[in-house]
Amino acid sequence: MNLLQELNLRNVSINECSKKTGIPYGALYPIVNGNVKLENCKYSTLAKLSNFLCCSIDDLFDSYENFSVYWADEKTADVTFLDNEIKIQRYTINPVKQIFYKDTITSYELGEILTWRCWDKNRENIEKYLFSLGLTEYNPYKICKKTHGVMFQDKIWIKFAGESIKWKDVKCN
């Protein structure tokens with residue numbers, strides 16, 4: 001997450017963020033400007049930032065976690081992030097139930113596939129839709145993490161590690 005961009009979107013200065021979070025300005029400034037990596041911050045600092053930005057601590061980091069793809073309640077694929085590739089374990093090759101066409105893909109290919117599960121990047125008022133999800137940039141992975149990639153026209157959806165949800169919890173009514 002680009003903290004400077006997040007603060008600018010909210011029309012909040014670093015000084016104001018410092019006062020509202022209790023993080024000293026001298027400590028916050030290098031974090032916001034990218035001179036200090038979030039990975040090197042104390043948990044208490046991350047907790048204050050995530051609380052202020054109304055997001056989870058995980059959302060502060062631009063990390064990707066493994067996920068599964070479902071057709072209703074039928075698991076159709078597992079997606080595993082490796083160092084330089086993404087492994088797909090497909091449980092069906094039915095093209096109606098499956099969004100992957102091969103067993104190993106690049107991060108670019110995954111981005112293109114996830115883009116199909118998102119709103120059009122050029123949609124009118126896209127910033128409002130992104131903001132409603134707590135996002136400041138068009139990132140198909142992050143959009144799908146929030147929306148589960150659910151669409152009206154099919155029963156495909158994405159379940160991330162640690163979630164205990166079913167089709168009935170995410171489907172469009």
Side-chain angles (χ1 to χ4, degrees), residues 1-69 79-86 99 105-152 156-165 169-172:
M1 176 181 287
N2 183 326
L3 292 177
L4 185 57
Q5 189 176 26
E6 291 289 335
L7 293 179
N8 288 338
L9 180 72
R10 291 167 169 78
N11 293 321
V12 175
S13 67
I14 298 173
N15 189 42
E16 186 179 351
C17 179
S18 170
K19 289 177 183 175
K20 290 186 177 183
T21 60
I23 302 169
Y25 182 86
L28 184 59
Y29 184 87
I31 296 169
V32 170
N33 286 297
N35 298 327
V36 171
K37 294 185 178 208
L38 287 172
E39 294 86 357
N40 297 331
C41 293
K42 294 180 183 177
Y43 177 81
S44 60
T45 300
L46 297 174
K48 289 174 185 177
L49 281 171
S50 69
N51 186 45
F52 178 74
L53 296 171
C54 300
C55 67
S56 72
I57 290 176
D58 287 341
D59 288 339
L60 294 174
F61 297 93
D62 287 328
S63 61
Y64 298 97
E65 56 186 82
N66 301 336
F67 60 86
S68 299
V69 178
V79 177
T80 306
F81 290 87
L82 302 174
D83 289 337
N84 57 356
E85 65 183 11
I86 298 162
I99 59 176
I105 60 174
T106 66
S107 56
Y108 174 80
E109 290 170 308
L110 178 63
E112 289 296 305
I113 291 167
L114 294 179
T115 297
W116 301 336
R117 310 298 304 170
C118 299
W119 310 295
D120 184 338
K121 186 176 186 172
N122 298 313
R123 181 180 183 150
E124 186 176 333
N125 296 322
I126 188 69
E127 297 83 12
K128 291 181 182 180
Y129 291 102
L130 294 173
F131 188 77
S132 71
L133 296 176
L135 302 174
T136 56
E137 62 186 0
Y138 188 90
N139 179 319
Y141 175 85
K142 289 182 179 182
I143 293 169
C144 286
K145 186 155 184 178
K146 301 281 186 171
T147 66
H148 296 283
V150 174
M151 300 180 81
F152 282 105
I156 295 173
W157 65 284
I158 299 168
K159 181 177 181 179
F160 290 88
E163 293 181 323
S164 57
I165 56 177
D169 302 319
V170 298
K171 70 179 179 177
C172 298

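Both backbone and side-chain heavy atoms feed into the values below; hydrogens, waters and symmetry mates do not.
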Do Ile105 and Val79 have side chains that approach each other closer than 4.5 Å (heavy atoms only, starting at C-beta)?
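Of all side-chain heavy-atom pairs linking Val79 with Ile105, none is under 4.5 Å.
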task = Evaluate the side-chain proximity of Leu3 to Leu28: yes if any heavy-atom separation is below 4.5 Å, no if none is.
result =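 Answer no - side chains too far apart.
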Side chain to side chain contact (heavy atoms under 4.5 Å, CB included) filter on Lys37, not counting sequence neighbours, yields Glu39, Asn40
Atom pair [atom1] ([X]) and [atom2] ([Y]), whose distance is rounded to the nearest 0.5 Å:
| X | Y | atom1 | atom2 | result |
| --- | --- | --- | --- | --- |
| His148 | Lys171 | NE2 | NZ | 15.0 Å |
| Lys142 | Glu137 | NZ | CD | 5.0 Å |
| Glu16 | Leu7 | CD | CG | 9.0 Å |
| Lys48 | Cys41 | NZ | SG | 12.0 Å |
| Lys159 | Ile165 | NZ | CD1 | 6.5 Å |
| Leu60 | Thr45 | CG | OG1 | 11.0 Å |

Locate the shortest heavy-atom distance separating [X] from [Y]; write the atom from each residue and the value.
| X | Y | value |
| --- | --- | --- |
| Phe52 | Thr21 | CB-CG2, 3.5 Å |
| Cys144 | Cys118 | SG-SG, 3.8 Å |
| Ile23 | Leu49 | CD1-CG, 3.8 Å |
| Tyr129 | Arg123 | OH-NH2, 3.1 Å |
| Leu110 | Phe67 | CD1-CZ, 4.1 Å |
| Cys17 | Val12 | N-CG1, 3.8 Å |

Contacts of Tyr29 meeting side chain to side chain donor-acceptor pair (under 3.5 Å) (sequence neighbours excluded), chain-then-number -> none
Has [X] got a side-chain atom pairing as donor or acceptor with [Y]'s backbone, closer than 3.5 angstrom?
| X | Y | result |
| --- | --- | --- |
| Arg117 | Thr147 | no |
| Ser18 | Ile14 | no |
| Tyr138 | Ile143 | no |
| Asn125 | Lys128 | no |

* Asked: For Lys19, does the NZ atom have more than 12 heavy-atom neighbours from other residues, nucleotides or ligands under 6.0 Å away?
  -> no
The ring-ring contact (aromatic ring centres under 6.0 Å, His included) partners of Tyr141 (sequence neighbours excluded) come to Tyr64, Phe160
